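What follows is a set of notes on a single structure, which appears directly below.
These values consider heavy atoms only, across backbone and side chains, with no hydrogens, waters or symmetry-generated copies. Owing to the predicted nature of the structure, the values given are computational and were not obtained by experimental measurement.
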Amino acid sequence: MAMTADQAVQYLEGLIGRQLRVYATDSRIFVGIFKCTDADRNIILANSFEYRLPSPSAVQAAADSWEKDSGAQSATLKVNMTHRLIGLIVVPGRHITKIELE
């Protein structure tokens with residue numbers, strides 16, 4: 001069942017001030033407080049952080065180091081995402097692939 005325009009506006013207004021996780025086409029993830037959007041689906045987040053997946057070279061370096069230390073190859077290797085504080089950001093709507101409410 002599709003929303004009417006009024007229902008969509010009401011739903012978006014209910015998200016203002018809530019924390020969102022916004023996924024971008026370049027695999028970055030932005031987490032911040034939803035402030036507003038526009039007709040082009042651009043989203044403004046405040047107090048936001050940018051998270052990036054580790055590079056293939058960082059994963060390989062961690063795997064090499066882990067192999068030397070543990071000698072095992074069957075266990076799971078965990079590598080942290082890098083992150084930085086952004087503050088106020090506009091995420092262009094054309095680059096958004098998914099939005100989650102935290």
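Using a 4.5 Å heavy-atom cutoff, the side chains of Ile89 and Glu50 are not in contact. Two residues are said to be in side-chain contact when any heavy atoms from C-beta on lie closer than 4.5 Å; Leu101 and Leu20 meet this criterion. The shortest side-chain heavy-atom distance between Thr37 and Leu15 does not fall under the 4.5 Å cut-off. By the 4.5 Å heavy-atom criterion applied to side chains, Val31 and Glu102 are counted as neighbours. Put simply, the side chain of His95 does not reach to within 4.5 Å of the side chain of Asp26, judged on heavy atoms.
Distance SG/Cys36 to CD1/Ile43: 9.5 Å, rounded to 0.5 Å. Interatomic distance, CD1 of Ile99 versus CZ of Arg41, reported as 9.0 Å (0.5 Å rounding). Taking CZ of Arg28 as the start and OG1 of Thr82 as the end, the distance is 11.0 Å to the nearest 0.5 Å.
Put simply, Met3 and Ile16 are part of the same group of oily side chains (I, L, V, M, F, W, Y) that touch within less than 4.5 Å, one to the next. Criterion: ILVMFWY side-chain heavy atoms under 4.5 Å apart, direct or through other members. Under it, Ile86 and Ile44 are not part of a common hydrophobic cluster. Linking ILVMFWY residues whenever their side-chain heavy atoms come closer than 4.5 Å, directly or via other members, leaves Leu85 and Val91 in distinct clusters.
With hydrogens and angles disregarded, no donor-acceptor distance shorter than 3.5 Å links the side chain of Asn47 to the backbone of Gly87.
Annotation for Gln7: atom CD counts as buried by contact number, over 12 foreign heavy atoms lying within 6.0 Å.
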